[in-house]
Amino acid sequence: MKSTTSHKIFIASILLILISASSYSQSATLQVNQDPKITQLLDLKKSLEKDNKLTDGYTVQLYYGELDKANQILRKYKGSFSNWPASIEYETPNYKVWAGNFDTRIEAERALLKIQQSFSSAFILKPERRK
């Protein structure tokens with residue numbers, strides 16, 4: 001009699017474990033409702049970073065002076081180098097031509113060695129972050 005009772009308790013325990021495991025298992029679906037402007041903001045941020053507008057890193061300055069000459073330098077640079085972005089920055093009363101957006105000083109120095117072959121007066125600077 002004891003073995004039949006213990007056998008029934010054992011089977012009942014296994015059934016109880018199987019039922020509780022299946023009833024407590026989780027299944028869910030996730031739906032994200034995202035404002036479409038978030039994608040636009042991310043694209044704008046990428047564009048600004050590409051154009052050196054949000055950088056905390058280093059850049060190479062190719063020229064400082066008049067706008068006409070800055071445009072000439074920028075065209076010459078873009079014709080020779082496509083590896084790093086370049087832009088003209090305005091600082092009263094002159095224009096600067098900046099190239100690259102480097103996270104570390106060593107990356108900027110490597111690029112400077114190549115850039116100085118065409119622009120001998122180029123140098124590295126760490127611009128202040130624009131607010």
Side-chain angles (χ1 to χ4, degrees):
M1 188 80 152
K2 284 187 177 183
S3 69
T4 321
T5 307
S6 61
H7 185 62
K8 288 180 183 179
I9 292 174
F10 177 73
I11 292 175
S13 299
I14 290 180
L15 288 174
L16 184 63
I17 290 172
L18 291 174
I19 291 171
S20 65
S22 67
S23 66
Y24 287 112
S25 64
Q26 297 178 358
S27 64
T29 57
L30 177 64
Q31 181 179 358
V32 177
N33 295 321
Q34 176 178 307
D35 188 337
K37 291 183 180 179
I38 291 175
T39 306
Q40 292 173 339
L41 287 172
L42 289 173
D43 292 340
L44 177 62
K45 183 179 183 292
K46 287 178 190 176
S47 171
L48 290 173
E49 286 174 345
K50 180 181 177 190
D51 294 335
N52 292 332
K53 305 292 186 202
L54 296 177
T55 184
D56 273 336
Y58 298 87
T59 190
V60 175
Q61 183 166 309
L62 306 175
Y63 175 75
Y64 181 84
E66 296 178 359
L67 179 60
D68 291 339
K69 181 72 173 173
N71 281 320
Q72 289 175 5
I73 296 290
L74 183 63
R75 279 193 299 275
K76 180 181 175 185
Y77 172 83
K78 287 185 175 183
S80 302
F81 299 94
S82 60
N83 309 22
W84 309 289
S87 62
I88 294 178
E89 306 298 322
Y90 180 68
E91 183 178 286
T92 307
N94 294 306
Y95 296 85
K96 301 175 182 181
V97 179
W98 286 356
N101 183 6
F102 307 100
D103 293 330
T104 64
R105 176 88 186 186
I106 193 78
E107 289 174 327
E109 288 175 0
R110 287 181 185 141
L112 179 64
L113 290 173
K114 294 177 183 176
I115 291 171
Q116 279 184 329
Q117 293 172 1
S118 299
F119 302 92
S120 59
S121 63
F123 63 93
I124 296 173
L125 67 112
K126 184 170 183 155
E128 292 182 20
R129 184 172 188 147
R130 297 184 190 137
K131 297 179 183 176

Evaluate the criterion side chain to side chain contact (heavy atoms under 4.5 Å, CB included) for residue pair V60 and F123; output intermediate values, then yes/no. CA-CA 5 Å; V60 175; F123 63 93; over 6 Å; no

Approximate separation, where rounding is to 0.5 Å, of L42 CG and I38 CD1: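 It is 7.5 Å, given to the nearest 0.5 Å.
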
Any donor-acceptor pair under 3.5 Å linking the side chain of [X] with the backbone of [Y]?
X	Y	value
S120	Q116	no
Y90	P93	no
T59	N101	no

Would you kindly check if the NZ (Lys) or CZ (Arg) of K114 is within the cone defined by 45 degrees around the ring axis of F119 and under 6.0 Å from the six-membered ring centre?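 The answer is no, since K114 fails at least one limit relative to F119.
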
Considering only heavy atoms from C-beta outward, does the side chain of [X] approach that of [Y] to under 4.5 Å?
X	Y	answer
V97	K69	no
Y63	K96	no
E109	I124	yes

Which heavy atom of Y58 sits nearest to which heavy atom of A108, and what is that distance?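 So the two residues come closest at CB-CB, 3.8 Å.
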
Could you tell me which non-hydrogen atom of A70 sits nearest to which non-hydrogen atom of Y95, and how far apart they are?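 Looking at all heavy atoms of both residues, the shortest contact is CB-CB, 4.0 Å.
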
Side chain to side chain contact (heavy atoms under 4.5 Å, CB included) between Y77 and S118, worked out: CA-CA 8 Å; Y77 172 83; S118 299; over 6 Å; no

Per the side-chain contact (heavy atoms from CB on, under 4.5 Å) rule, which among L74, I115, I88 passes with L62?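 Among the candidates, only I115 passes.
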
